[in-house]
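Not measured: the values here are computed from a predicted model. Hydrogens, waters and symmetry mates play no part in the numbers below; they use all other heavy atoms, side chains included.
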Amino acid sequence: MTSEPEIPFDLPVIYEDERIIVVDKPRFLSTMPRGMWYRQTALIRLREQYDDRNIVPAHRLDRPTAGIVVFVRDPASRGAYQMLFQNKLAVKTYECLAPIRPVKRPRTGTIEQLARPRPFPLLRRSHIIKTRGVLRAQEIPGTVNAQTRIELDGLHVGMSEQFDEPIGRFTLTPLTGKTHQLRVHMNSIGMPIIGDDFYPNITPRAYDDFSQPLQLVARTLRFTDPFTGELRVFTSRVPLA
């Protein structure tokens, strides 16, 4: 572990009390140990910072995705907070940047326009599987197990000139929580998220190449605290682009 590469991004704590710690996770930092990453993960950084091995994540974000993550520090409270996420009682809203194109008809699953004749917002439904040891998730025919509401908020001024097409800012609201769901769904409608090195194609990058971050942020998280009954709302400050 002494030779583990350093991830040169801070892990801001935006809220803490006797039960939870809420962080604004940067891109490239894993939520918890996996593969070559141990000390350079959000979990181990927090355990070292607070000198507390009882800290555990209530949920997680993929390594390339930035934004709000909740950790539980009180062992007696773990189950209650983790069940918020398992039972879909925590409402997550994401933001991303992607090319603005005509909506592509996916090979499987459905698209429902929620404000016809406008193309957005739309509801994308499909069946997603993620096989252990395989890098990418797949959409296959089958009973719907993944749903995402996709809204185009407008042109992302200041970035479109870097590309040959306009770049939009999208709000994504997952109604389910499958692995890579948002990335798969955006790619399936022909608008892959900028900086995505898995969809539509796997792009090999060195572990210390931070030049093209995934433009996906877990922007807000809302839930009713299971102990106090208070509405908790946390917002990420990680910028897009």
* Report the C-alpha separation of Met83 and Leu89 in whole Å, then their side-chain angles, then the decisive distance to 0.1 Å, and conclude whether the side chain to side chain contact (heavy atoms under 4.5 Å, CB included) test is met. => CA-CA 8 Å; Met83 290 305 291; Leu89 299 176; over 6 Å; no

Step through the shown structure and confirm whether more than 12 heavy atoms of other residues, nucleotides or ligands are within 6.0 Å of [atom1] on [X].
X: Lys130; atom1: NZ; value: yes
X: Arg237; atom1: CZ; value: no
X: Asp51; atom1: CG; value: no
X: Lys178; atom1: NZ; value: no
X: Asn145; atom1: CG; value: yes

Where [X] and [Y] come nearest, the two heavy atoms and their spacing:
X: Trp37; Y: Ser30; value: CD1-OG, 4.1 Å
X: Asp10; Y: Pro26; value: O-CG, 3.2 Å
X: Pro239; Y: Val217; value: O-CG2, 4.5 Å
X: Leu155; Y: Pro166; value: CD1-CB, 3.6 Å
X: Ala218; Y: Ser236; value: O-CB, 3.5 Å
X: Pro57; Y: Leu43; value: CD-CD1, 4.1 Å

Ion pair [X]/[Y], N-O distance below 4.0 Å:
X: Glu95; Y: Arg219; answer: yes
X: Arg34; Y: Asp62; answer: no
X: Glu139; Y: Arg124; answer: yes
X: Asp196; Y: Arg183; answer: yes
X: Arg73; Y: Glu18; answer: no

Count I, L, V, M, F, W, Y as connected when their side-chain heavy atoms are under 4.5 Å apart, and connections chain through other members. Are [X] and [Y] then in the same cluster?
X: Phe9; Y: Leu11; answer: yes
X: Tyr94; Y: Phe198; answer: no
X: Ile128; Y: Leu135; answer: yes
X: Leu214; Y: Tyr199; answer: no
X: Leu61; Y: Ile193; answer: yes

* Classify the ring geometry between Phe234 and Phe223 as parallel (under 30°), tilted (30 to 60°) or perpendicular (over 60°). =>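 Geometry flag for Phe223 against Phe234: tilted rings.
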
To the closest 0.5 Å, what do you measure between [atom1] ([X]) and [atom2] ([Y])?
X: Leu172; Y: Cys96; atom1: CG; atom2: SG; answer: 4.0 Å
X: Phe85; Y: Leu221; atom1: CZ; atom2: CG; answer: 4.5 Å
X: Leu182; Y: Asn187; atom1: CG; atom2: CG; answer: 12.5 Å
X: Asp52; Y: Gln49; atom1: CG; atom2: CD; answer: 11.5 Å
X: Arg169; Y: Gln215; atom1: CZ; atom2: CD; answer: 9.5 Å
X: Arg107; Y: Lys104; atom1: CZ; atom2: NZ; answer: 7.0 Å

Min side-chain heavy-atom separation [X]-[Y] under 4.5 Å:
X: Ile150; Y: Pro121; value: no
X: Asp24; Y: Val238; value: yes
X: Arg136; Y: Val184; value: no
X: His185; Y: Leu123; value: no
X: Lys92; Y: Arg222; value: no
X: Lys88; Y: Leu175; value: no
X: Arg125; Y: Ile111; value: no
X: Val13; Y: Tyr50; value: yes

* side chain to side chain donor-acceptor pair (under 3.5 Å) between Thr148 and Gln181: does it pass, once the steps are laid out? -> CA-CA 8 Å; Thr148 305; Gln181 175 179 317; 2.8 Å; yes

* Given Glu151 and Arg118, is the salt bridge (Lys or Arg N to Asp or Glu O under 4.0 Å) satisfied, shown in steps? -> CA-CA 11 Å; Glu151 173 70 272; Arg118 294 174 52 207; 3.8 Å; yes

* Any chance you could lay out the side chain to side chain contact (heavy atoms under 4.5 Å, CB included) test for Leu216 and Met186, step after step, and finish with the verdict? => CA-CA 11 Å; Leu216 176 64; Met186 288 297 292; over 6 Å; no

* Report the C-alpha separation of Thr143 and His127 in whole Å, then their side-chain angles, then the decisive distance to 0.1 Å, and conclude whether the side chain to side chain donor-acceptor pair (under 3.5 Å) test is met. => CA-CA 6 Å; Thr143 302; His127 186 92; 5.8 Å; no

* **Test side chain to side chain contact (heavy atoms under 4.5 Å, CB included) applied to Val70 and Tyr15, step by step** => CA-CA 9 Å; Val70 177; Tyr15 175 82; over 6 Å; no

* For ring pair (Phe, Tyr, Trp, His ring centres under 6.0 Å), just list the numbers for Phe28 and Tyr207, CA-CA rounded to whole Å, side-chain angles, deciding distance to a tenth of an Å, and then say yes or no. => CA-CA 9 Å; Phe28 303 107; Tyr207 65 82; over 10 Å; no

* Would Ile44 and Arg47 count as a side chain to side chain contact (heavy atoms under 4.5 Å, CB included) if you check the C-alpha gap in whole Å, the side-chain angles of each, and the deciding distance to 0.1 Å? -> CA-CA 5 Å; Ile44 302 306; Arg47 285 183 173 180; 4.2 Å; yes

* Assert yes or no for the condition that the ring centre distance of Tyr81 to Phe227 is strictly below 6.0 Å. => yes

* Matching residue for Arg39 among Glu48, Glu6, Glu4 - test: side chain to side chain donor-acceptor pair (under 3.5 Å) -> Glu48

